[in-house]
Amino acid sequence: MSARPGAPAINRNLPDVAVVGAGAFGGWAALSLREAGAKVTLVDAYGPGNPRASSGDESRLLRLSYGPREIYTRWARRAQALWEQRQEEFGTRLFYPNGSLRTMSADALAEQRALFDRLSVPYEVLSPDEVHARWPQVDFSEYETVFYEPTGGVVKAREAMVAASEAFMHKGGTMKIGHAKPAAAGGSAPLTVDGKPLACGAALFACGPWLPRVFPELLGDRIVTPRREIFYVGSPIDDHRYRWEHLPNIADSHTYTAADVDYGTKIAANLRDVPMDPDEGDRMASGFLRAQVEDYVARRFPGLVGQPIVATRVCQVELSDNGHFIIDRHPDLPGVWVAGGGSGHAFKMGPTIGEYLAARVLDEPGDSATDALFALASHKARTHE
Ligand SMILES: Cc1cc2nc3c(=O)[nH]c(=O)nc-3n(C[C@H](O)[C@H](O)[C@H](O)COP(=O)(O)OP(=O)(O)OC[C@H]3O[C@@H](n4cnc5c(N)ncnc54)[C@H](O)[C@@H]3O)c2cc1C
């Protein structure tokens, strides 16, 4: 069969690569690897953007403020440029630039300002009255100052993963629905899919919250997967003030919101760490969180009081021990890589992560400090008491 028009030629000097997981890590990595000329098979048990995946909700937030963690500010800035390019390329809107408002302590504010000044990232420090003058629909009257970051915005989540996998296939990548497992060292292939060996030179396991299950000895104590619940609050039919065109996202001390991108105002409930099984976990939202969401609406968005919850989503985050991503070669399985530990902030970075992972798997020279930050050796296994 001849190659698809526009598909990169396969470079025979590169390893054939299997990527397991079509989420923020694997979906973008597969696309970048294919664009680099590798022959790539992307395997997902349930499909790109499926409702069990951490990348499966409607939307995710893109912010550049990461306190002192400069690497993520840089990666998020790069990601924003890539989201803008990719939505043009895919012909579908994925990024909505509405900025964000954050509450933070005086020390955190000073630290954030210093980093943004050094990197020339725009910001403003506003009084509650200034916030009210610009966005009368939000109330921050209990704070002295609010940090406003005009860059960043909302990215579509589920739709982005579907679009990335379609672009991947269009460029000649192979997508398989199947259950992948690492094979024992020394076998004919580094992995099996639905029990059959899949021969390849490198296998990247980007299984998100399933990683502790796929590699229990290596990652069972390095990643935990607590439950998270999201509520979407509707607006009155003729009230557009809560849409992204008119309102930034909000990062509060115990919750965050995304402005309405055709789905209602998104409010993350503040849930204590309840373990969640990504395969079997119940995806019905908990009724007891309704009061918490309504209290928050009354405080921050008084104009939405009494409006209905129009949708809910339940998922899990995959928290590493220190909040940094985990990206490394498997120490005992030749050709096998692990990538994940998104820790509640990886979705926005997807296009940047994809570039980085492709370079790592293809053995291109990179930044050793970044590699070390994500290395398994930098992540401690949690101790059980
Ligand atoms: C409620 C919530 C809010 C969040 N908010 C933000 C935010 O505002 N901004 C932000 O940047 N990030 C946010 N995050 C974090 C971000 O969504 C995740 O870090 C990111 O989506 C994780 O991507 P992943 O590729 O590691 O995992 P996933 O998206 O879960 O992808 C893993 C994929 O692997 C597949 N898979 C697993 N095991 C196998 C197997 N054995 N064989 C085949 N396939 C397999 C699964 O089907 C799945 O599709 C949030 C997360 C949650 C839960």
Side-chain angles (χ1 to χ4, degrees), residues 18-30 41-64 66 72 75-76 79-80 83 100 152-155 157-158 160-162 164-165 175-182 191-194 198 203-215 223 225-231 249-251 255-258 266-271 276 278-279 281 283 285 312-320 323 325-327 338-354 357:
V19 178
V20 181
F25 281 78
W28 289 107
T41 304
L42 175 59
V43 185
D44 198 290
Y46 299 115
N50 73 79
R52 289 175 166 105
S54 296
S55 308
D57 189 5
E58 294 303 315
S59 61
R60 293 285 183 250
L61 276 60
L62 195 162
R63 65 184 153 95
L64 270 61
Y66 264 93
Y72 296 115
W75 275 36
Q80 177 164 335
W83 280 108
S100 60
V154 182
V155 280
R158 183 178 57 78
M161 295 330 307
V162 171
S165 68
M175 175 91 217
K176 269 185 198 295
I177 299 297
H179 182 195
K181 292 183 182 170
L191 77 165
T192 60
V193 178
D194 291 337
L198 178 62
L204 171 66
F205 282 84
C207 304
W210 286 265
L211 276 174
R213 178 167 298 178
V214 178
F215 298 104
I223 296 175
T225 60
R227 179 180 177 95
R228 293 289 183 263
E229 300 200 14
I230 300 290
F231 294 77
N249 306 317
I250 294 174
T255 187
Y256 59 88
T257 75
K266 172 176 177 165
I267 299 181
N270 180 20
L271 192 61
M276 175 82 172
D279 287 307
R283 304 275 165 177
T312 57
R313 288 286 184 277
V314 174
C315 69
Q316 63 289 307
V317 276
E318 53 304 314
L319 301 178
S320 74
F325 305 152
I326 300 178
I327 297 173
V338 294
S343 301
H345 66 101
F347 193 85
K348 69 177 78 56
M349 309 288 190
T352 317
I353 290 173
L357 282 172

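Read the numbers this way: they start at 1 and go in the same order the structure lists the ligands and their atoms. Just so it is clear, the values below take in all heavy atoms, side chains as well, and ignore hydrogens, waters and symmetry mates.
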Does Arg52 reach the side chain of Trp210, with side-chain heavy atoms less than 4.5 Å apart? yes
Residue and atom name of the nearest protein heavy atom (relative to atom 3 (C) of ligand 1), distance in Å to one decimal: Tyr256 OH, 3.0 Å
Within-4.5 Å side-chain heavy-atom neighbours: Met161 and Phe347: yes
Under a 4.5 Å cut-off applied to non-hydrogen side-chain atoms, are Met276 and Val314 in contact? yes
Between atom CE of Met349 and atom CD of Gln80, what is the distance when rounded to the nearest 0.5 Å? 11.5 Å
Kindly indicate whether the side chain of Lys348, heavy atoms from C-beta on, has any atom under 4.5 Å from the side chain of Arg60. no
Note the single closest protein heavy atom to atom 28 (P) of ligand 1, along with its residue, its atom name and the distance in Å. Ser54 N, 3.6 Å
Going by the atom numbers of ligand 1, which of them fall below 4.0 Å from some non-hydrogen atom of Gly21? 33 (C), 34 (O), 35 (C)
Any heavy atom of Phe205 closer to ligand 1 than 4.0 angstrom? no
In the protein, what heavy atom is nearest to atom 52 (C) of ligand 1, and what distance, to one decimal place, separates them? Arg60 NH2, 3.4 Å
Atoms of ligand 1 close to Phe347 [distance to a heavy atom under 4.0 angstrom, numbered from 1]: 10 (C), 11 (O), 12 (N), 16 (C), 17 (O), 21 (O)
Which one of Val20, Asp44, Asn249, Val154 has a non-hydrogen atom at the shortest distance from atom 35 (C) of ligand 1? Asp44
Atom indices of ligand 1, in the order listed, that fall short of 4.0 Å to a heavy atom of Gln316: 53 (C)
Need the ligand 1 atom indices (1-based, order shown) with element for anything under 4.0 Å from a heavy-atom of Asn50. 47 (O), 48 (C), 49 (O)
Can you tell which part of Arg228 has a heavy atom less than 4.0 Å from ligand 1: side chain, backbone, both or neither? side chain
Option of least heavy-atom distance to atom 29 (O) of ligand 1 (set: Ala346, Ser55, Ala45): Ser55
Taking 4.0 angstrom as the limit and counting only heavy atoms of Ala206, give me the atoms of ligand 1 inside it, by number and element. 32 (C), 34 (O)
Between Leu62 and ligand 1, find which residue part has any heavy-atom pair under 4.0 Å and reply side chain, backbone, both or neither. neither
I need the atoms of ligand 1 closer than 4.0 Å to a non-hydrogen atom of Gly23, numbered in the order shown. 25 (O), 29 (O), 31 (O)
Give me the nearest non-hydrogen protein atom to atom 53 (C) of ligand 1 as residue plus atom name, then the distance to 0.1 Å. Cys315 SG, 2.5 Å
I need the Lys266 NZ to Ile230 CD1 distance, nearest 0.5 Å. 4.5 Å
Residue pair Phe25 / Ile327, side-chain heavy-atom distance below 4.5 Å: yes
For atom 7 (C) of ligand 1, find the nearest protein heavy atom and state the residue, atom name and distance (0.1 Å precision). Leu61 N, 3.5 Å
Please report the interatomic distance CG(Leu191) to CG(Leu198), rounded to the nearest 0.5 Å. 5.0 Å
So is Gly178 touching ligand 1 or not, going by heavy atoms under 4.0 Å? yes
In terms of its nearest heavy atom to atom 18 (C) of ligand 1, the top option of Arg52, Met349, Glu318 is Glu318
Only heavy atoms of Gly208, strictly under 4.0 Å: list the atoms of ligand 1 that pass. 24 (P), 26 (O), 27 (O), 32 (C)
Looking at atom 39 (C) of ligand 1, what's its closest protein heavy atom, distance included? Cys207 SG, 4.0 Å
Using 0.5 Å steps for rounding, measure from the CG atom of Asn249 to the OG1 atom of Thr257. 6.0 Å
Verdict with reasoning, Arg213 to Asp279, per salt bridge (Lys or Arg N to Asp or Glu O under 4.0 Å): CA-CA 11 Å; Arg213 178 167 298 178; Asp279 287 307; 2.6 Å; yes
Protein contact to atom 13 (C) of ligand 1 [nearest heavy atom, distance to 0.1 Å]: Gly344 O, 3.2 Å
As an exercise, state the distance from CD1 of Ile326 to OG of Ser343, rounded to the nearest 0.5 Å. 7.0 Å
Tell me, do Trp28 and Ile353 make a side-chain contact under 4.5 Å, heavy atoms counted? no
Would you mind running through ligand 1 and noting each atom that sits below 4.0 Å from a heavy atom of Ala180? 40 (C), 41 (N), 42 (N), 43 (C)
Flag the pair Asp44 / Met175 as yes when at least one side-chain heavy-atom distance between them is below 4.5 Å, and no otherwise. yes
Counting non-hydrogen protein atoms only, what is the nearest one to atom 24 (P) of ligand 1? Give residue, atom name and distance. Phe25 CD1, 3.7 Å
Do Ser54 and Val317 have side chains that get closer than 4.5 Å, going by heavy atoms? no
